[in-house]
Novice: 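The structure under discussion is supplied below as structure tokens; questions concerning it will follow.
Just follow the structure's listing: the first ligand is 1, and inside any ligand the first atom is 1. Note that these values count all heavy atoms, side chains included, but never hydrogens, waters or copies made by symmetry. Numbers here simply count residues along the sequence, with the first being 1.
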Amino acid sequence: MTQRVIPLADERQLRRLPTIPEVLPAPTGQLLDTRGRAVKDLRISVTDRCNFRCVYCMPKSVFDKDYAFLPRASLLSFEEITRLARLFAAHGVTKIRLTGGEPLLRRNLEQLIEQLVRIPDMEVTLTTNGVLLPRKAAALRDAGLRRLTVSLDSLDDATFRIMNDMDVPVAEVLHGIEAAAAAGLGPIKINMVVKRGLNDQEILPMARHFRGSGHILRFIEFMDVGCSNGWRMDDVVPSGEVLQRIHAEFPVAAVDPNYTGEVAERWRYLDGQGEIGVISSVTQAFCSTCTRARLSTEGSLYTCLFAQSGHDLRSLLRAGRSDAEVSAVIGRIWNSRGDRYSELRSAETAGLPKIEMSYIGG
Ligand code: SAM
């Protein structure tokens with residue numbers, strides 16, 4: 001019998017918002033948390049819906065036809081998202097990533113991009129499964145998007161169909177990558193989540209395929225996000241092992257990070273055929289340099305990917321609060337942030353009722 005593992009009430013719990021101070025401080029662009037970490041990146045989930053049912057993210061046993069996705073009225077509008085993005089920019093955010101769910105399922109997404117790229121000095125990007133790119137890539141580029149990340153876990157059709165669980169063939173994603181490159185959205189980052197026994201045999205074929213293509217393949221350790229994917233430490237292929245396997249066929253050397261706090265560790269092929277990245281959030285936690293905030297589809301702020309609850313900013317927007325008031329609340333939330341889940345991860349924490357990635361944004 002299929003067991004339903006996430007009670008919705010637990011999944012979408014909210015914390016009480018900090019009170020609005022009487023004297024409203026002007027943002028300094030240097031907002032720090034209790035560990036001295038600045039807020040630099042904002043990930044925005046624009047929909048909790050997806051056209052894939054990846055077994056490690058939105059397993060069909062939970063996200064089935066009876067699953068209650070958010071009603072349209074709950075979603076932040078593009079105007080609300082842009083307003084919050086501007087407030088975060090004043091606090092120091094310089095990079096926004098649109099995600100989900102599958103962000104390209106959100107109708108007229110290019111209109112949101114047009115609004116976000118107008119924020120001074122803001123880099124805007126998105127993460128997608130790529131299937132809708134042949135239809136959307138040119139419009140995204142025209143709207144001002146300059147680069148994006150495509151998720152692809154295997155080049156082998158049988159394996160990929162098992163992983164996305166919607167019978168989507170690899171060719172559809174490869175067409176999406178080609179369309180994005182043709183529209184001028186390259187170099188493209190390709191994200192591969194590696195799960196032992198499921199697709200780790202695809203590490204080398206993926207490396208061979210994307211070497212020399214100009215695109216950057218990144219291997220992500222399977223994480224215990226949410227509480228529906230049955231995560232076990234044994235299923236994680238440590239990045240060290242991924243690198244060993246690649247190095248044995250194509251020698252690689254470490255490259256300096258592009259900036260402090262970069263999540264992916266960079267490696268280049270010694271024969272000049274480009275670079276790869278590894279994202280080791282399980283075996284080498286990077287909480288100490290984490291500068292990411294997350295805005296859920298319905299406008300709750302989460303200060304950690306592994307959070308159990310968020311802060312309902314939408315209620316402030318819809319109650320007619322001023323920019324200065326909302327900004328002060330964001331400041332107080334970030335000031336009190338102490339999250340460092342990945343440093344504390346254990347068999348016990350893996351079972352906590354954490355928020356699902358499709359809701360909070362990957
Ligand atoms: N639908 C889009 C996509 O497929 O890229 C964006 C949302 S998805 C949640 C964002 C990223 O999170 C994808 O690269 C996905 O592979 C990754 N992801 C999801 N669940 C994960 C897990 N349990 N461990 C590691 N990465 C995961």
Novice: Taking the six-membered ring of Phe219 as reference, does the NZ or CZ atom of Arg245 fall below 6.0 Å from its centre and within a 45° cone about the axis?
Specialist: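 Here Arg245 fails the 6.0 Å and 45° test against Phe219.
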
Novice: Please tell me whether Glu123 and Thr94 have a donor and an acceptor in their side chains that are separated by less than 3.5 angstrom.
Specialist: no

Novice: Please check if any side-chain donor atom of Arg218 sits under 3.5 Å from a side-chain acceptor atom of Thr149, or the reverse.
Specialist: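 Arg218 vs Thr149: no donor-acceptor pair found between side chains.
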
Novice: Suppose the criterion is salt bridge (Lys or Arg N to Asp or Glu O under 4.0 Å): which pairs have a residue in residues 261-289, not counting sequence neighbours?
Specialist: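 Listed once each, the pairs are Arg211-Asp271, Arg266-Glu275.
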
Novice: Show me, by chain and number, every protein residue that has a heavy-atom distance under 4.0 Å to ligand 1.
Specialist: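 Around ligand 1, where the cutoff is 4.0 Å for heavy atoms, the contacting residues are Tyr56, Cys57, Thr99, Gly100, Gly101, Glu102, Thr127, Thr128, Asn129, Ser151, Asn191, Val193, Ile220, Glu221, Phe222, Met223, Val225, Asn229, Met357, Gly362.
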
Novice: Phe88: which residues meet the ring-ring contact (aromatic ring centres under 6.0 Å, His included) condition with it, sequence neighbours left out?
Specialist: none

Novice: Is there any salt bridge (Lys or Arg N to Asp or Glu O under 4.0 Å) pair reaching into residues 320-331, and which pairs are they, with sequence neighbours excluded?
Specialist: Arg83-Asp323, Arg321-Glu325

